[in-house]
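Just the heavy atoms: all of them, side chains too, but no hydrogens, waters or symmetry mates, feed the values below. Given the structure is predicted, the values throughout are model-derived calculations rather than measurements. Residue indices begin at 1 and follow the sequence shown.
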Amino acid sequence: MGTEVNNVAGQNASGTITSYKLKPSLGETFKGVLIKEIIHDVLSEKLQGKAYNVEEVSQWTKDITDTINTTIRNKLVMPRYKYIVQVMLGQQLGAGCHYYAKCCWDAESDSQISDVFSNTSLFCVCTVFGVYLY
């Protein structure tokens, strides 16, 4: 008994197509404008009319993160991108707040986009990082 190997260019022994792309094609790039719209819509939907409540903030941040991540995955086609969604929610007390993110990545293919929601009681900063897998 022998094993038949289909050696088509770009396929490995298991039949999985492999490709080694160093950067995304033009239509596969990080879609920052569309992601910002998703972030804005989700933040408005989840936080509009709410007042800061320390017992509920943890659940709100999880809901926001999960909703944004799921929406991006279902609505946008960006093969080989991994998404990181970071949400910071705080009480509006009049003090300043600095939000920094430091990353080591490829500036040609990796990117990030942020949006801010605030009302008289709370503020929320959401950042989505998109990292392209080579």
Side-chain angles (χ1 to χ4, degrees):
M1 291 224 139
T3 308
E4 188 176 327
V5 177
N6 192 1
N7 196 4
V8 177
Q11 282 189 347
N12 60 19
S14 67
T16 305
I17 296 174
T18 58
S19 65
Y20 302 99
K21 294 171 64 175
L22 296 179
K23 61 182 180 178
S25 303
L26 185 59
E28 298 174 343
T29 57
F30 188 79
K31 296 172 174 48
V33 174
L34 297 174
I35 292 172
K36 187 165 183 131
E37 289 175 11
I38 290 169
I39 294 170
H40 181 78
D41 292 345
V42 171
L43 292 180
S44 296
E45 174 192 328
K46 300 281 184 183
L47 299 175
Q48 192 70 40
K50 292 195 177 180
Y52 186 85
N53 182 339
V54 72
E55 285 116 20
E56 296 180 359
V57 167
S58 177
Q59 187 59 46
W60 293 347
T61 57
K62 289 176 188 173
D63 288 344
I64 291 167
T65 304
D66 291 342
T67 303
I68 290 172
N69 195 19
T70 302
T71 306
I72 290 171
R73 192 174 0 167
N74 293 338
K75 287 190 176 181
L76 303 179
V77 177
M78 294 185 290
R80 298 187 131 176
Y81 271 96
K82 294 293 179 186
Y83 317 106
I84 299 98
V85 180
Q86 184 176 22
V87 175
M88 180 180 75
L89 204 148
Q91 188 174 10
Q92 194 77 274
L93 295 173
C97 178
H98 293 281
Y99 176 79
Y100 293 102
K102 191 172 185 179
C103 303
C104 182
W105 64 20
D106 184 353
E108 289 184 21
S109 57
D110 303 337
S111 191
Q112 61 83 30
I113 194 78
S114 296
D115 199 18
V116 178
F117 175 89
S118 65
N119 62 23
T120 57
S121 178
L122 58 85
F123 68 92
C124 183
V125 180
C126 178
T127 304
V128 175
F129 300 93
V131 181
Y132 186 76
L133 300 177
Y134 296 106

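Considering only residues two or more places apart in sequence or on other chains, Glu56 meets the salt bridge (charged side-chain N to carboxylate O under 4.0 Å, His left out) condition with none of them. When the side-chain hydrogen bond (donor to acceptor under 3.5 Å, both in side chains) test is applied to Thr127, the partners found at least two apart in sequence or on another chain are Tyr99, Ser114.
How far CD1 of Ile35 is from CD of Gln112: 10.5 Å, rounded to the nearest 0.5 Å. A distance of 5.5 Å separates SG of Cys124 from CG of Leu47, quoted to the nearest 0.5 Å. With rounding to the nearest 0.5 angstrom, the CG atom of Asn53 is 10.0 Å from the CD atom of Gln91. Atom-to-atom distance recorded for Phe117:CZ and Ser44:OG is 6.0 Å, nearest 0.5 angstrom. Atom CD1 of residue Ile68 and atom CD1 of residue Ile38 lie 8.5 Å apart, to the nearest 0.5 angstrom. Annotation: the span from Tyr52 atom OH to Leu93 atom CG amounts to 8.5 Å, rounded to 0.5 Å.
A single hydrophobic cluster is seen to contain both Val42 and Val57, as judged by linkage of ILVMFWY side chains at heavy-atom distances under 4.5 Å, directly or through other members. One hydrophobic cluster, built from ILVMFWY side chains closer than 4.5 Å, cannot hold both Leu43 and Val125; they sit in different ones. Taking hydrophobic clusters as Ile, Leu, Val, Met, Phe, Trp and Tyr residues chained together by side-chain heavy-atom distances below 4.5 Å, Val54 shares a cluster with Leu122. Linking Ile, Leu, Val, Met, Phe, Trp and Tyr whenever their side-chain heavy atoms come within less than 4.5 Å leaves Val128 and Val131 in two separate clusters.
Using a 4.5 Å cut-off on side-chain heavy atoms (C-beta onward), Lys31 and Met78 make contact. Inter-residue side-chain proximity for Asp41 and Thr71 is flagged as unmet; no heavy-atom pair is nearer than 4.5 Å.
Side chain of Asn69 to backbone of Thr65: no donor-acceptor contact under 3.5 angstrom is found. Here the side chain of Ser109 pairs no donor or acceptor atom with the backbone of Pro24 at under 3.5 angstrom. A distance-only check finds no donor-acceptor pair linking the side chain of Lys82 to the backbone of Phe129 [under 3.5 Å]. Side-chain N or O atoms of Lys62 include none that pairs as donor or acceptor with a backbone N or O of Ser58 at under 3.5 Å. Side chain of Gln92 to backbone of Asn119: a donor-acceptor contact under 3.5 angstrom is found.
Among Leu34, Ile113, Val116, the one residue that satisfies the side chain to side chain contact (heavy atoms under 4.5 Å, CB included) test with Ile39 is Ile113. Tyr132 pairs with exactly one of Trp105, Tyr81, Tyr83 by the ring-ring contact (aromatic ring centres under 6.0 Å, His included) rule, that one being Tyr81.
Taking a 6.0 Å sphere around NZ of Lys75, one finds it holds 12 or fewer heavy atoms contributed by other residues, nucleotides or ligands.
When every heavy atom of Trp60 is checked against every heavy atom of Ala51, the shortest pair comes out as CH2-O, 3.2 Å.
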